[in-house]
Amino acid sequence: MAGNKVSGDKAVMEKIVALCKRRGFIFQSSEIYGGIGGFWDYGPLGTELKRNIKDAWWNDMVRNPPPGPDDREFQMVGVDCSIIMNPKVWEASGHVGGFSDPMVDCKSCKARFRVDQVFHVPLYRSGQDEPFAQLSVESDDAQSAIEAAQPKGTKLSKKHGGGDFDARPVCLTDYLEANPTGQANLSCPSCNELGTLTEPREFNLMFQTYVGAVQDDANIAYLRPETAQGIFANFKNVMDSTRVKIPFGIAQIGKAFRNEINPRNFTFRSREFEQMEIEFFCRPDEAKMWYEFWRDTRIKWYESLGIKSDKLRPREQEGDELAHYSDACTDIEYLFPFSEETQELEGVAHRGCYDLTQHGIHSKGKENAFAVIDNETKERFVPHVIEPSAGADRFTLATITEAYSYDENRASPEFMKFHPRLAPIKAAVFPLVAKDGMPEVATEIYNQIRAECPTYALQIDAKQSIGKRYARMDEAGTPYCFTIDGQTLEDNTVTVRDRDDASQIRIPKESVAKFLREKLGV
RNA sequence: GCGGGUGUAGCUCAGUGGUAGAGCGUCACGUUGCCAACGUGAAUGUCGUGAGUUCGAAUCUCAUCACCCGCUCCA
């Protein structure tokens with residue numbers, strides 16, 4: 001069977017990575033200096049591909065969004081915010097407080113813990129001032145730490161003669177503050193070994209920098225870890241300047257930065273990446289409806305761009321997976337060849353009124369600073385937010401792995417079956433041989449397509465054998481090649497070669513641009 | 001961050017202490033009559049990087065960087 005898909009195979013992933021480099025889709029950043037972990041560059045073909053993806057998203061979501069549920073109308077507008085913002089933004093969003101947690105590692109069993117979630121638990125006999133033993137547990141608070149300490153504590157108690165005991169948990173945060181050199185007295189909550197925990201270390205995943213020439217704590221700033229906060233911070237500006245009315249959405253495409261501990265899997269987990277985000281603002285009582293609308297819209301969008309296989313898997317998050325402020329979230333996941341498990345391409349989250357409320361509190365000192373008034377019902381409410389947040393680089397990678405096809409019966413076994421709308425090169429024009437006036441006709445046809453389809457990336461090539469030129473276009477994923485041959489000179493027809501099955505038909509040379517537009521549908 | 005593996009031409013890899021190699025790709029010229037054709041020729045390497053051992057290191061040692069796999073992490 002032609003177009004045989006290969007999946008769930010790491011060898012395939014390696015072939016894809018090799019093809020990406022060979023054909024100029026993706027290069028490692030700073031490769032000539034030995035590279036740099038978690039950063040990637042797009043080459044000429046990859047740049048066209050990613051641009052087509054971002055354009056498709058912007059056109060389909062912002063300029064020409066689908067009709068809403070029950071054909072309800074809604075507006076979509078765009079913003080393009082700065083990457084560095086006032087650091088208070090990240091206090092309001094929780095990124096500064098929440099993600100700079102000190103961690104400790106166990107040198108013995110290699111487990112890692114958040115310092116504030118480990119409790120040191122000395123065990124006491126009633127009436128005694130010194131503990132007879134101690135242990136550690138992982139827990140959210142002191143009360144559950146006591147419960148968590150019972151099984152281990154009972155065993156320890158038996159060892160020490162048995163009898164009732166009293167567990168008095170101390171959070172590691174507090175313990176280390178009181179005993180800065182107290183590491184040796186602590187045991188690992190996982191393997192129970194004594195004195196194996198490292199000193200606490202900060203793991204802030206935000207990139208830090210300084211605004212202004214003086215490097216001082218007072219002017220620390222961060223590269224944004226998500227584009228969403230720029231949208232929330234401009235919510236009122238957009239309301240005041242554009243006449244949008246609830247329900248409406250604000251969209252943004254832009255770079256974001258996360259200092260991942262361990263970047264992996266080609267471009268999938270990068271430290272610098274591009275997001276395509278929508279924050280959709282609606283009435284609280286309609287939030288569920290809009291959540292479902294966006295979830296379904298986003299799934300259909302991926303399918304419309306060629307991710308039709310069963311590798312695309314939406315997954316509704318379970319209760320304990322959800323952030324505390326979130327009512328619902330669907331991860332739209334894709335099964336990449338590098339993993340047995342599906343990986344997130346996009347999260348569609350029902351965020352309630354959390355973000356606007358937080359920014360209200362932090363910027364204006366009141367929860368409802370960004371409340372709006374419904375003109376018909378006169379109700380006043382802080383809008384609820386549905387957030388479809390997609391990874392542009394992740395979808396680019398999914399597009400590449402989905403398109404990658406292998407058919408050993410073809411002269412060119414590897415070919416990229418891109419959706420025509422996303423294909424980096426839309427068509428190529430070839431003289432069958434570089435003589436008898438064929439190159440001149442090729443140039444004429446090439447110029448004709450350029451004039452009639454000025455947005456298409458095209459190629460013209462007269463060098464080497466025709467088979468080699470077809471093969472190169474197969475690896476670039478070019479849907480159609482037009483070839484000028486001897487018959488063209490007699491009856492003005494050219495052959496059209498189809499990338500997916502290598503079949504050929506003849507069409508009049510005047511109609512190549514029309515043929516392309518109809519076939520590509522772009 | 002931990003453990004294991006890998007790193008030699010654009011790609012895939014051979015080379016285990018003694019002159020830097022192959023296939024494919026790329027380029028040029030010739031040829032061409034629809035699928036990586038053929039012929040001739042060419043370019044391309046601080047052998048990931050830096051130290052050390054040695055008369056001599058791609059090869060041995062150490063460090064470091066990057067990538068892959070498994071943990072860990074993933075707002």
Side-chain angles (χ1 to χ4, degrees), chain A residues 10-11 13-15 17-24 27-40 43 90 93-101 103-114 190 198 201 203-206 225-226 228-229 256 258-266 268-271 321-326 329 331 338-339 343-344 347 349 351 389 409-415 430-436 438 462-475 481-489 494-499 501-504 506:
Chain A
K10 274 148 196 154
M13 195 62 209
E14 283 173 27
K15 286 190 145 186
V17 173
L19 187 147
C20 280
K21 179 168 189 196
R22 188 169 74 241
R23 287 273 91 108
F27 307 123
Q28 191 184 8
S29 171
S30 326
E31 193 186 355
I32 59 168
Y33 290 104
I36 176 168
F39 298 90
W40 301 91
W90 309 112
S93 70
H95 286 83
V96 173
F99 310 113
S100 56
D101 305 309
M103 313 277 278
V104 290
D105 291 325
C106 173
K107 285 179 251 182
S108 172
C109 71
K110 311 302 179 194
R112 171 173 292 165
F113 312 94
R114 267 170 62 172
S190 176
T198 62
R201 286 178 287 195
F203 285 86
N204 190 338
L205 297 191
M206 280 199 293
E226 60 177 32
Q229 298 306 324
R258 293 180 194 175
N259 215 343
E260 298 288 353
I261 295 167
N262 193 359
R264 274 294 159 87
N265 293 330
F266 202 26
F268 184 81
R269 177 161 294 130
S270 298
R271 291 186 164 124
E321 245 181 309
L322 291 168
H324 62 88
Y325 48 78
S326 179
C329 183
D331 284 343
F338 57 71
S339 173
Q343 307 281 333
E344 181 181 349
R351 296 180 63 87
S389 170
N409 296 319
R410 286 167 65 122
S412 50
E414 287 181 297
F415 62 110
F430 300 146
L432 182 61
V433 289
K435 62 177 188 181
D436 298 340
M438 292 182 203
K463 296 291 175 70
Q464 297 179 315
S465 74
I466 190 70
K468 198 169 278 195
R469 283 175 276 164
Y470 285 150
R472 271 198 288 257
M473 286 301 105
D474 280 344
E475 285 190 343
C481 298
F482 299 105
T483 300
I484 291 80
D485 57 14
Q487 193 178 331
T488 309
L489 308 174
V494 298
T495 65
V496 185
R497 185 236 187 217
D498 186 298
R499 173 196 67 197
D501 58 11
S503 66
Q504 290 186 352
R506 293 199 82 88

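Proteins get letters first, then strands, A, B, ... in listed order; numbering begins at 1 in each.
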Problem - Minimum-distance nucleotide to A/K21 side chain [options: B/U12, B/G10, B/C74] - result: B/G10
Completion exercise
In Watson-Crick or G-U wobble terms, with both distances under 3.5 Å, the base opposite B/A28 is B/U40
Exercise for the section: Could you let me know what B/U64 is paired to, Watson-Crick or G-U wobble, both distances under 3.5 Å, or none if it's on its own? Expected result: B/G48
Exercise for the section: Grab the CE-C1' distance between A/M438 and B/C34 for me, whole Å please. Expected result: 11 Å
Exercise for the section: When you get a sec, tell me which of B/A36, B/C34, B/C74 is the closest nucleotide to the side chain of A/R23? Expected result: B/A36
Exercise for the section: Determine which nucleotide pairs with B/U54, using a 3.5 Å limit on both distances of a Watson-Crick or G-U wobble pair. Expected result: none
Exercise for the section: Establish, yes or no, whether a centroid distance under 6.0 Å links the rings of A/F338 and A/F266. Expected result: no
Exercise for the section: Using a 4.0 Å heavy-atom cut-off across all strands, classify A/F39 as base, sugar-phosphate, or nothing. Expected result: nothing
Handout entry: Sugar-phosphate, base or nothing in reach of A/Q487, heavy atoms under 4.0 Å
Key = nothing
Fill in the blank from the handout: B/C2 -> Watson-Crick or G-U wobble partner, both distances under 3.5 Å, gives B/G70
Handout entry: Rounded distance in Å between the C1' positions of B/C13 and B/C47
Key = 13 Å
Exercise for the section: Quote, to the nearest angstrom, the C1' distance that separates B/U59 from B/G15. Expected result: 9 Å
Exercise for the section: Could you tell me whether the phosphate oxygens of B/C27, OP1 or OP2, come under 4.0 Å of any side-chain nitrogen or oxygen in A/Q464? Expected result: yes
Practice task
Round to a whole Å and report the spacing from NZ of A/K463 to P of B/U31.
Solution key: 15 Å
Completion exercise
Among the nucleotides B/G33, B/C73, B/A75, whichever has the atom closest to the side chain of A/R269 is B/C73
Handout entry: Charged N-O contact under 4.0 Å between A/R23 and A/E414
Key = no
Practice task
Looking at every strand, decide which applies to A/G486 at a 4.0 Å heavy-atom threshold: base, sugar-phosphate, or nothing.
Solution key: base
Practice task
Taking only the side-chain heavy atoms of A/Q28 (C-beta and beyond), determine which of B/U32, B/A36, B/A66 contains the nearest atom.
Solution key: B/A66
Problem - B/A37 to B/G25 separation - P atoms, rounded to the nearest Å - result: 7 Å
Problem - Any donor-acceptor N/O pair under 3.5 Å between B/C74 base and A/E260 side chain - result: no
Practice task
Spell out yes or no: do the side chain of A/R264 and the base of B/G70 have one donor N/O and one acceptor N/O closer than 3.5 Å?
Solution key: yes
Exercise for the section: Using only side-chain N and O atoms of A/N265, determine if any of them is under 4.0 Å from OP1 or OP2 of B/C69. Expected result: yes
Exercise for the section: Look at all strands and tell whether A/M473 reaches a base, only sugar-phosphate, or nothing, counting heavy atoms closer than 4.0 Å. Expected result: nothing
Completion exercise
Against the side chain of A/P413, the closest entry in B/A36, B/A75, B/G33 is B/A36
Handout entry: Closest non-hydrogen atom pair, A/D485 against A/L432
Key = CB-CD2, 3.8 Å
Problem - Spacing of CZ belonging to A/R271 relative to CZ belonging to A/R258, to within rounding of 0.5 Å - result: 13.5 Å
Handout entry: Sugar-phosphate, base or nothing in reach of A/G38, heavy atoms under 4.0 Å
Key = sugar-phosphate
Exercise for the section: Report yes if a side-chain nitrogen or oxygen of A/K15 is closer than 4.0 Å to either non-bridging phosphate oxygen (OP1 or OP2) of B/C11; otherwise report no. Expected result: no
Exercise for the section: Determine the Euclidean distance between corresponding C1' atoms of B/G45 and B/G21; express it in Å to zero decimal places. Expected result: 11 Å
Problem - Base of B/C35 paired with side chain of A/R497 (donor-acceptor, under 3.5 Å) - result: yes
Problem - Nucleotide paired to B/A14 in any strand shown, Watson-Crick or G-U, under 3.5 Å - result: none
Handout entry: Spacing of NE2 belonging to A/H95 relative to CD belonging to A/Q229, to within rounding of 0.5 Å
Key = 6.0 Å
Practice task
Determine the Euclidean distance between corresponding C1' atoms of B/C24 and B/C62; express it in Å to zero decimal places.
Solution key: 37 Å
Handout entry: Length of the line joining A/W90:CH2 and B/A75:C1', which is rounded to integer Å
Key = 11 Å
Exercise for the section: Among A/K463, A/R469, A/M438, find the one that has a side-chain contact (heavy atoms from CB on, under 4.5 Å) with A/F430. Expected result: A/R469
Practice task
Write down the atom of A/S270, the atom of A/E260, and the distance for their closest heavy-atom approach.
Solution key: O-CG, 3.9 Å
Problem - Atom P, compared across B/U40 and B/A66: separation rounded to whole Å - result: 45 Å
Exercise for the section: Quickly work out the A/Y470 OH to B/A37 P distance and round it to whole Å. Expected result: 13 Å
Problem - Comparing A/L489 and A/I36 on RNA chain B - which has the more 5′ nearest nucleotide - result: A/L489
Fill in the blank from the handout: Residues A/I36 and A/Q28: closest non-hydrogen pair is N-NE2, 4.1 Å
Practice task
For nucleotides B/U72 and B/A63, find the distance between their C1' atoms and express it as a whole number of Å.
Solution key: 25 Å
Completion exercise
note: A/F268, atom CZ; B/C68, atom P; distance rounded to Å ~ 13 Å
Practice task
Rounded to whole angstrom, note down the P distance from B/A57 over to B/G4.
Solution key: 29 Å
Handout entry: Phosphate-side-chain proximity, A/K468 and B/C34, N/O vs OP1/OP2 below 4.0 Å
Key = no
Fill in the blank from the handout: Of A/A18 and A/R472, the one whose nearest nucleotide on RNA chain B sits closer to the 5' end is A/A18
Problem - Out of B/G33, B/A75, B/A36, whichever nucleotide has its closest atom nearest the side chain of A/P225 - result: B/A75
